[in-house]
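The block underneath contains the structure these notes are about, expressed in structure tokens.
Basis for what follows: all heavy atoms, side chains included, without hydrogens, waters or symmetry-related copies. Each chain gets a letter, A, B and so on, in the order its sequence line appears, and its residues count up from 1.
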2 protein chains.
Amino acid sequence: MTDRRPLPRDMFEEVCPSRLVPFRFGDNKWSALVLRCLEDGPRRFSELRVPLHRVTPKVLTQSLRGLERAGLVSRTVRPGPAPRVEYALTPLGRGLLEPLAAACAWAAENWDEILDARERHP
Amino acid sequence: MTDRRPLPRDMFEEVCPSRLVPFRFGDNKWSALVLRCLEDGPRRFSELRVPLHRVTPKVLTQSLRGLERAGLVSRTVRPGPAPRVEYALTPLGRGLLEPLAAACAWAAENWDEILDARERHP
DNA sequence: CGGCATCCGAAGCGATACTG
DNA sequence: CAGTATCGCTTCGGATGCCG
């Protein structure tokens with residue numbers, strides 16, 4: 001570890017990808033989970049609320065709007081007597097799912113080690 | 001997209017990896033960037049502040065403490081007349097860097113598309 | 001140099017109630 | 001059903017000042 005390249009002057013600039021990723025993942029705390037909920041196909045609004053521990057409609061809406069603005073999720077209103085809205089991954093969103101899954105796989109593999117570390121540090 | 005497996009009852013349970021990942025990435029908004037700053041080797045406290053846009057010492061400390069508690073970063077005090085503290089990735093932390101890099105690579109590849117989406121949605 | 005203590009405004013998010 | 005509106009608590013994080 002001797003090739004200590006100098007750090008960039010400004011990693012906060014808009015153009016740095018690592019700025020975007022944590023931001024997208026954490027647009028709000030539910031975003032990543034919402035993406036994974038859409039993994040198997042479109043889901044309705046109230047359908048999403050259940051596995052997300054009864055998240056408040058307001059907060060879920062915020063999350064979905066954020067994902068929509070980012071082009072990761074699409075929103076379609078199906079015609080009918082009762083309102084019926086479905087959310088689905090866009091191709092872009094589906095692409096993000098892969099690195100997200102990689103991160104999750106990492107977490108699963110190192111689960112014990114992570115928990116051990118947290119116990120060791122009081 | 002016809003195999004709509006039912007969603008799990010509770011994706012919020014402690015044991016779900018996707019809970020941990022957003023949490024780790026977003027422990028605070030700097031965590032991911034700090035990890036990337038340590039990519040090339042150990043760095044001193046004040047050395048980290050520069051590329052992070054002069055982040056406040058308090059906040060940087062919080063971030064580092066969080067990463068330390070998670071076992072991702074180590075903190076070593078080098079003996080000498082003046083205080084000199086170095087932070088470095090642990091093997092565990094280095095492992096996380098890979099999925100993190102994958103996510104960043106995704107962001108870099110789909111940069112234009114993401115920005116386009118944000119512009120289209122007012 | 002590498003922090004910690006304090007203050008404070010801003011943002012996050014849950015609960016509740018209401019609406020087309 | 002799929003949201004919006006309002007409230008209030010909690011957390012985040014920037015600014016400032018002090019310390020060994």
Side-chain angles (χ1 to χ4, degrees), chain A residues 4 7 10-13 19 22-34 37-38 42-70 73-88 121-122, chain B residues 4 7 10-13 18-19 22-35 37-38 42-70 73-88 121-122:
Chain A
R4 307 214 342 176
L7 292 172
D10 180 13
M11 290 186 66
F12 205 81
E13 55 184 335
R19 270 291 297 162
F23 179 71
R24 274 308 115 198
F25 274 73
D27 176 38
N28 77 20
K29 63 184 273 199
W30 303 102
S31 304
L33 291 174
V34 170
C37 284
L38 297 176
R43 302 284 181 177
R44 301 176 60 180
F45 186 84
S46 45
E47 201 174 0
L48 287 172
R49 293 187 58 191
V50 179
L52 298 178
H53 229 226
R54 308 275 173 204
V55 56
T56 296
K58 184 193 72 170
V59 181
L60 179 58
T61 298
Q62 285 174 355
S63 185
L64 286 167
R65 293 289 177 276
L67 294 169
E68 216 184 329
R69 250 179 286 118
V73 163
S74 66
R75 175 182 184 273
T76 56
V77 182
R78 303 228 169 264
R84 180 185 178 92
V85 181
E86 278 191 349
Y87 293 93
H121 293 274
Chain B
R4 306 218 339 181
L7 292 172
D10 181 12
M11 290 187 65
F12 207 81
E13 53 184 339
S18 51
R19 270 292 296 163
F23 179 71
R24 274 309 117 200
F25 275 75
D27 177 36
N28 77 19
K29 63 185 272 199
W30 303 101
S31 304
L33 291 173
V34 170
L35 288 181
C37 285
L38 297 175
R43 302 284 179 179
R44 301 176 61 180
F45 187 83
S46 45
E47 200 173 359
L48 287 173
R49 293 189 59 191
V50 179
L52 299 178
H53 228 228
R54 308 275 175 206
V55 56
T56 298
K58 186 194 71 169
V59 180
L60 179 57
T61 299
Q62 287 173 353
S63 185
L64 286 167
R65 293 290 176 274
L67 293 169
E68 216 184 329
R69 251 180 285 117
V73 162
S74 67
R75 175 182 183 274
T76 56
V77 182
R78 304 227 169 264
R84 179 184 179 91
V85 181
E86 277 191 350
Y87 294 91
H121 294 274

Sugar-phosphate only, base, or nothing, as touched by B:R75 at under 4.0 Å among non-hydrogen atoms: sugar-phosphate
Under-4.0 Å side-chain N/O to phosphate OP1/OP2 contact, A:R44 with D:dA2: yes
The helix from C:dC1-D:dG20 to C:dG20-D:dC1: angle between end helix axes, five pairs per end, rounded to 10 degrees: 50°
Test item: A:C37 and B:M11 side chains (from C-beta on) under 4.5 Å apart, heavy atoms: yes
Where protein sits on nucleotides 4-20 of chain C, one letter per nucleotide: B base, S sugar-phosphate only, - none, heavy atoms under 4.0 Å: S-B------BBB----B
Interatomic distance where CZ belongs to B:R84 and C1' belongs to D:dG20 [whole Å]: 19 Å
Least distance between heavy atoms, A:S63 atom then A:V34 atom: OG-CG2, 3.9 Å
Close side-chain approach of B:R75 to B:V73, heavy-atom, < 4.5 Å: no
Heavy-atom closest pair, residues A:P57 and A:F45: O-CZ, 3.8 Å
Reported CH2-to-OG1 distance for the pair A:W30 and A:T56, which is rounded to 0.5 angstrom: 8.5 Å
Atom pair distance, as rounded to whole Å: CG in B:L64 and P in C:dG3: 8 Å
Presence of A:Y87 side-chain N/O under 4.0 Å of D:dC1 phosphate oxygens OP1/OP2: no
Nearest-angstrom distance from the residue atom CZ of A:R49 to C1' of D:dG3: 10 Å
Those residues that, when tested against A:P83, pass side chain to side chain contact (heavy atoms under 4.5 Å, CB included) (two or more places apart): none
Atom-to-atom span, CG of B:L60 to P of D:dG14 - whole angstrom: 11 Å
Side-chain donor/acceptor of A:R43 to backbone N/O of A:L38, under 3.5 Å: no
A:E47 and A:R49 ion-paired at < 4.0 Å: no
